[in-house]
A.B. asks: 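Just dropping this structure here.
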Protein chains: 2
Amino acid sequence: MSQMQNVERQLREMILGLEIGPGERLTERWIESRFGASRTPVRAALLRLETEGLIARDGRGWTVAPINLAELGQIAVYREAVEVAAVRLTAALEDRGGIELIAAMLDSCDAETPREEWHRVGLDFHIELARLSGNEFLFRAVRDAMTRLSRARWLEVRDEKALGRAWAEHYAILAAVRSGDAEQAAQLLSAHIAGSRDRLVTSLHDDRRGLRARGFAVVAA
Amino acid sequence: MSQMQNVERQLREMILGLEIGPGERLTERWIESRFGASRTPVRAALLRLETEGLIARDGRGWTVAPINLAELGQIAVYREAVEVAAVRLTAALEDRGGIELIAAMLDSCDAETPREEWHRVGLDFHIELARLSGNEFLFRAVRDAMTRLSRARWLEVRDEKALGRAWAEHYAILAAVRSGDAEQAAQLLSAHIAGSRDRLVTSLHDDRRGLRARGFAVVAA
DNA sequence: GATACCAATTTGGGATACCACACTGGTATT
DNA sequence: AATACCAGTGTGGTATCCCAAATTGGTATC
């Protein structure tokens with residue numbers, strides 16, 4: 001594994017894991033010393049992470065992208081467009097066996113599963129469902145959108161009931177895809193994304209003071 | 001303007017303008033000497049153009065992305081998803097005055113307009129229509145998709161009639177958006193994209209020997 | 001003539017030195 | 001006390017050097 005990919009991966013994990021808070025300033029020299037690489041791979045990593053939307057230019061420098069509530073709403077609309085298109089393709093496939101792997105993924109989460117894992121599987125559900133469509137562009141769009149949503153979803157205050165409801169919706173979507181009912185899968189997925197967006201934005205909006213108290217930059221809708 | 005942006009812009013123009021053919025090898029040193037910049041901005045430009053899909057890694061090196069007929073089909077599906085979502089949003093806006101600027105853009109093309117300009121306006125129509133939606137993600141998705149399609153559309157063998165038909169469809173879409181009929185706008189746009197894809201893939205497929213004779217790498221569907 | 005092999009060259013990946021510019025903190029002037 | 005100014009410090013942007021690995025071209029061997 002090259003240094004370039006190493007720095008990119010580690011820095012991404014630190015940002016997604018909120019070890020570096022939204023809005024925090026980044027300097028190439030700090031990253032350089034932090035990961036023991038020189039500025040060349042550091043700059044490559046920064047350029048890549050910029051296109052992922054995880055970091056942004058701040059004048060001449062770099063900052064970790066803030067949590068932007070308006071952006072979350074726009075991403076939800078974008079997600080709906082691409083995820084629904086993907087799930088329609090998937091439901092129309094002759095071989096839809098791949099969804100059983102996704103169902104198994106959901107099954108792997110139980111009461112003893114750590115929250116971190118629920119979070120990851122909740123993202124991967126949508127990503128893998130899009131991958132099944134076979135359309136590389138829809139897949140990448142979903143993956144990138146979920147990456148951007150990742151931190152916000154982690155900060156979301158979720159209760160057990162909300163998580164159970166989300167999982168039930170996931171299973172319902174899978175069932176529709178399994179039976180080849182593209183229309184129902186599309187409708188269930190649309191509703192799921194809209195509900196997910198509402199819960200997310202509400203949660204972050206209500207908790208925005210707490211987030212700011214933790215030093216996280218939160219941009220209002 | 002910094003060297004970094006300069007190299008990126010000039011190299012992108014050379015690729016999109018087919019001054020460097022699809023499939024051609026690129027070396028950082030050649031770009032460096034060609035544009036009088038050092039390798040640092042060259043590498044930044046390459047990383048950015050890679051995410052745009054205009055260049056790709058070839059083992060350790062770089063090549064200009066080939067024309068990929070299978071990819072063109074996938075992009076059409078992707079385009080349809082995001083463009084239709086965008087046009088639905090636009091048709092639902094209270095202030096849809098922005099579409100008159102787009103109509104003026106179409107009007108500016110007449111019999112004496114060079115082909116190059118028709119090509120550019122044909123791309124910009126879709127990009128600007130998506131921009132009107134106000135959704136940054138849908139806009140970027142459409143812009144990036146059209147960028148990827150740009151070279152293939154330039155190579156397309158188009159007759160006057162096909163162009164006139166495309167323009168008529170553009171006007172019809174605008175009319176539907178202007179009247180606020182999201183459903184019709186969506187249907188017209190879907191049909192337009194599907195037709196555009198069919199003509200494009202057919203044209204390139206029929207002409208693939210000619211393209212290869214020009215040294216352009218064409219990957220079959 | 002085909003092939004295995006080796007040295008020279010070229011490549012991208014990385015490290016580092018230097019620069020222009022922005023920002024900071026303090027100082028001198030009013 | 002307020003402000004204009006200026007040197008000092010740190011930043012990202014750029015150029016350049018080094019390196020390991022891959023490619024290449026020729027040569028010796030069979």
Side-chain angles (χ1 to χ4, degrees), chain A residues 1-16 19-66 68 148 215-217 219, chain B residues 1-16 19-66 68 212 215-217 219:
Chain A
M1 173 83 64
S2 68
Q3 280 283 32
M4 188 179 83
Q5 291 166 332
N6 247 324
V7 173
E8 182 186 345
R9 191 172 43 78
Q10 293 188 59
L11 188 55
R12 184 190 292 109
E13 276 173 18
M14 284 190 74
I15 293 172
L16 292 180
E19 297 173 52
I20 319 178
E24 221 168 296
R25 269 214 159 74
L26 286 174
T27 69
E28 299 185 353
R29 260 93 176 184
W30 179 83
I31 301 168
E32 178 184 21
S33 67
R34 176 69 178 69
F35 298 110
S38 76
R39 288 181 66 202
T40 308
V42 166
R43 292 184 50 104
L46 287 169
L47 287 171
R48 289 242 170 79
L49 293 174
E50 184 190 17
T51 69
E52 289 187 43
L54 296 183
I55 64 175
R57 303 207 92 97
D58 170 46
R60 230 170 49 122
W62 302 93
T63 61
V64 177
N68 186 326
R148 282 209 180 202
F216 295 165
V219 178
Chain B
M1 174 81 66
S2 68
Q3 282 283 31
M4 190 179 81
Q5 292 166 334
N6 245 325
V7 173
E8 183 186 345
R9 192 172 41 78
Q10 293 188 60
L11 188 54
R12 183 189 293 109
E13 275 172 19
M14 284 190 74
I15 293 172
L16 292 180
E19 297 172 53
I20 319 178
E24 220 167 296
R25 270 212 160 74
L26 287 174
T27 69
E28 298 183 355
R29 261 93 175 184
W30 178 84
I31 301 168
E32 178 184 21
S33 68
R34 176 69 178 73
F35 297 110
S38 75
R39 287 181 67 203
T40 308
V42 166
R43 299 190 56 187
L46 287 170
L47 285 173
R48 288 244 170 77
L49 293 174
E50 185 191 17
T51 69
E52 290 186 42
L54 296 183
I55 64 176
R57 302 209 92 96
D58 171 45
R60 224 170 53 123
W62 302 93
T63 62
V64 177
N68 186 326
R212 292 211 175 98
F216 295 164
V219 178

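Atoms considered below: every heavy atom in the structure, side chains included; atoms not considered: hydrogens, waters and symmetry mates.
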A.B. asks: Name the nucleic acid region contacted by A:Leu26, choosing base, sugar-phosphate or nothing; use a 4.0 angstrom heavy-atom cut-off, strictly under.
C.D. replies: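 Sugar-phosphate, backbone atoms only, no base.
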A.B. asks: Going by heavy atoms in the side chains, are B:Thr40 and A:Arg43 under 4.5 Å from each other?
C.D. replies: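 Yes. Closest side-chain heavy atoms under 4.5 Å.
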A.B. asks: Can you list the residues that meet the side-chain contact (heavy atoms from CB on, under 4.5 Å) rule with B:Thr27, with sequence neighbours excluded?
C.D. replies: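 With sequence neighbours excluded, B:Thr27 shows a side-chain contact (heavy atoms from CB on, under 4.5 Å) to B:Arg29, B:Trp30, given in chain and number order.
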A.B. asks: Heavy atoms under 4.0 Å, any strand shown: does A:Ala44 hit a base, just sugar-phosphate, or nothing?
C.D. replies: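 Result for A:Ala44 = nothing.
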A.B. asks: Are A:Glu52 and A:Arg48 close enough for a salt bridge, meaning some N to O gap below 4.0 Å?
C.D. replies: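 No, this pair does not count.
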A.B. asks: Going by number, which of residues 58-66 of chain A have a non-hydrogen atom under 4.0 Å from DNA chain D?
C.D. replies: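 By residue number: A:Arg60, A:Gly61, A:Trp62.
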A.B. asks: Ignoring hydrogens, what is the shortest heavy-atom contact between B:Gly21 and B:Val64? Give both atom names and the distance.
C.D. replies: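 Looking at all heavy atoms of both residues, the shortest contact is O-CB, 3.5 Å.
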A.B. asks: Which is the 5'-most and which the 3'-most nucleotide of DNA chain C that has an atom under 4.0 Å from a heavy atom of chain B?
C.D. replies: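 For DNA chain C, the relevant span reads C:dT11 to C:dG14.
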A.B. asks: Could a donor-acceptor pair under 3.5 angstrom be found where the side chain of A:Arg43 meets the base of D:dG12?
C.D. replies: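 In this structure, the two groups form no donor-acceptor pair.
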A.B. asks: Provide, to the nearest angstrom, the distance between the CZ atom belonging to A:Arg57 and the P atom belonging to D:dT11.
C.D. replies: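 Answer to the nearest Å: 15 Å.
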A.B. asks: Heavy atoms under 4.0 Å, any strand shown: does A:Thr40 hit a base, just sugar-phosphate, or nothing?
C.D. replies: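 Touches a base.
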A.B. asks: Say you draw a straight line from CG of A:Leu26 to CZ of A:Arg57; how long is it, rounded to the nearest 0.5 Å?
C.D. replies: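 The CZ atom of A:Arg57 is 12.0 Å from CG of A:Leu26, to the nearest 0.5 Å.
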A.B. asks: Quickly work out the A:Arg29 CZ to D:dG12 P distance and round it to whole Å.
C.D. replies: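 Interatomic distance, CZ of A:Arg29 to P of D:dG12: 7 Å.
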A.B. asks: Going by the rule side-chain contact (heavy atoms from CB on, under 4.5 Å), which residues pair with B:Arg60 if we only count those two or more places apart in sequence or in a different chain?
C.D. replies: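 Not a single residue meets the side-chain contact (heavy atoms from CB on, under 4.5 Å) criterion with B:Arg60.
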A.B. asks: For D:dT29, which nucleotide in any strand shown is its Watson-Crick or wobble partner with both distances under 3.5 Å?
C.D. replies: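 When the pairing criteria are applied, C:dA2 turns out to be the nucleotide that pairs with D:dT29.
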A.B. asks: What integer distance in Å separates B:Glu28:CD from D:dC17:P?
C.D. replies: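 About 17 Å, once rounded to whole Å.
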A.B. asks: Might you work through the salt bridge (charged side-chain N to carboxylate O under 4.0 Å, His left out) test for A:Glu32 and A:Arg39, ending with a clear yes or no?
C.D. replies: CA-CA 6 Å; A:Glu32 178 184 21; A:Arg39 288 181 66 202; 5.2 Å; no
A.B. asks: I need the CZ-C1' distance between A:Arg39 and D:dT16, as an integer number of Å.
C.D. replies: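 These atoms are roughly 14 Å apart.
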A.B. asks: Can you name the residues that form a side-chain hydrogen bond (donor to acceptor under 3.5 Å, both in side chains) with A:Arg148, not counting sequence neighbours?
C.D. replies: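 Partners of A:Arg148 by the side-chain hydrogen bond (donor to acceptor under 3.5 Å, both in side chains) criterion, ordered by chain and then number, come out as A:Glu71.
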A.B. asks: Who passes side-chain hydrogen bond (donor to acceptor under 3.5 Å, both in side chains) against B:Arg34, sequence neighbours left out?
C.D. replies: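 Expected list: none.
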